[in-house]
Amino acid sequence: MIRVRYAPSPTGTLHIGGARTALFNYLFARHHHGQFVLRVEDTDRARLVPGSEEGMVAGLRSLGINWDEGPDIGGEFGPYRVSERVLRHQQAVKRLLDQGLAYRCYCTPEELEQERKRLESQKLPPRYSGKCRLRPPNDPIFQSDEPFVVRMKVPSKGETVVNDLIRGRVVFENRILDDFVLQKSDGTPVYNFAVVLDDHDMAITHVIRGEEHLSNTPKQILIYEALNLPVPQFAHLPMILAPDHTKLSKRHGATSVEEYREQGILPEALVNYLLLLGWSASDDTEIMTLDQAIEWFDLNRVQHTAAIYDIKKLVWMNSQYMRTIPIGTLIDYVLPFIKSRQLDVSRGPDLARAIELGRERSHTLLELREALTFFYERPRSFDEQGVKKHFADEKTPERLRALAQSLKKLRVWDHDHLVAVYDEEAKQLGIKRAALIHPTRLAVTGKTVGPGLFELLEVLGQEETVARLLDAATAITEQHVKPTP
Ligand code: GLU
């Protein structure tokens, strides 16, 4: 049975890199009818952020990613918070000490710092001297109460090979690995040690994680070997870089799932976009459901080179979803945005109809909210450029009033009847239909762009259209609105 895990540290929000790792693990598990575990790596107490775990759980769920075992739902391999597994880690450290595969190190932070500086001044890489490794077993310090860390006895020769499912064979010389720390002086395990035991104890078969962990993997393999445990398979996902090929950071815009939600990106679009950050379908299909992704997902199609994160593509992807997701779902997504703007949609046209029109031209939920606003609020002002262009003719108020009169009499308020009124009016005035359409749009929406005029009037309704045309005519004659010279 294939078992994979996503193991975030609850030290902040759910970053897109983390969400991508979770997604690939989830897809891999579902594709192989395996199991997906969520494990919270909360050993570094100093970096814990309250609420972070809850935020990550909510963020993953919002993307449609779910797990079979985890801190929130339990499971037979629990507990799923690493801080609750420390006893087991300490037992294993003891085993390594007893077998002489690890040793206690009493070097003080000051001594280590001095050593680091000395190496630095000689332009050598930092590495532990091995001082405590060389102490004789009868050294009195071993009987003392001095604080100590536990270090791994790393073989000074040979190499450790990571057979990565994505990157192939990656060789690390043991010489450069150093006698790394397994357990801190407060008795808690370091990540590299805890992760080995937790992955083993949770029967994890494949460790799929970001490339930034590749340099940890040889250390973890040495620990597996020292503890005589089977080594799982590893797959390191390519880095996600900004378009300028630098590390993705705040200055490149939103980087957390939460921020994307606030910016009006649909979870379906985000998850689809994340999928393409390092993976592609064999026929290069880009837009797909999670179910399709589960069917097609294959680690062989994960690229080795960095994935470039492109916000424009994400927004494009979002606009595709905006057009196609079921209207009920879109309503659910846009309602919180409508609420936060205090837009009262209980009066005015049917929301679903307004959304059907608005969604065509909206890239995000924020844009959709903007596109809905005029249906529920009369324009408070008119676009300045539009006024210059479409309200400049002195006959405008009179034409708007004439239109209002004709529209008031209309028996059937639909697209075709509206077209007929405008055609007739234009003919009588001896002007082009466009010369009526543009001022009407500006009068009823305050804007110069938007959905097709007749479609929008149909949704806005007869009474409201007539009232707005008359309001605009009054505003123009009373000179509230006049083109600036
Ligand atoms: N807690 C580690 C992280 O957040 C997990 C690394 C791993 O998957 O082994 O990066």
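Just so you know, these numbers come straight off a predicted model, no measurement behind them. First listed ligand is number 1; within each ligand, the first listed atom is number 1.
In this structure, a donor-acceptor pair under 3.5 Å is absent between the side chains of Thr188 and Arg45. No side-chain donor-acceptor contact under 3.5 Å links Asn318 and His363. A donor-acceptor contact closer than 3.5 angstrom is absent between the side chains of Asn25 and His206. Judged purely by distance below 3.5 Å, without hydrogens or angles, the side chains of Tyr103 and Asp179 pair a donor atom with an acceptor atom.
The Glu41 neighbourhood of ligand 1 comprises atoms 1 (N), 2 (C), 5 (C), with distances under 4.0 Å to a heavy atom of that residue. When each atom of ligand 1 is checked for a heavy atom of Arg209 under 4.0 Å away, the hits are 7 (C), 8 (O), 9 (O). Atoms of ligand 1 found under 4.0 Å from any heavy atom of Val195 (numbered from 1 in listed order, with element): 9 (O).
Note: Phe297 and Phe24 meet the aromatic proximity criterion, with ring centroids under 6.0 Å apart.
In terms of protein heavy-atom proximity, atom 7 (C) of ligand 1 is closest to Tyr191 OH, 3.3 Å. The closest protein non-hydrogen atom to atom 10 (O) of ligand 1 is His213 NE2, 2.7 Å. Protein heavy atom in closest approach to atom 5 (C) of ligand 1: Ala7 O, 3.0 Å.
Under a 4.0 Å heavy-atom criterion, Tyr6 is not in contact with ligand 1. At a 4.0 Å cut-off, at least one heavy atom of Arg5 sits close enough to ligand 1 to count as contact.
Scanning all heavy atoms of the two residues, the minimum distance from Arg20 to Pro238 falls at NH2-O, 2.6 Å.
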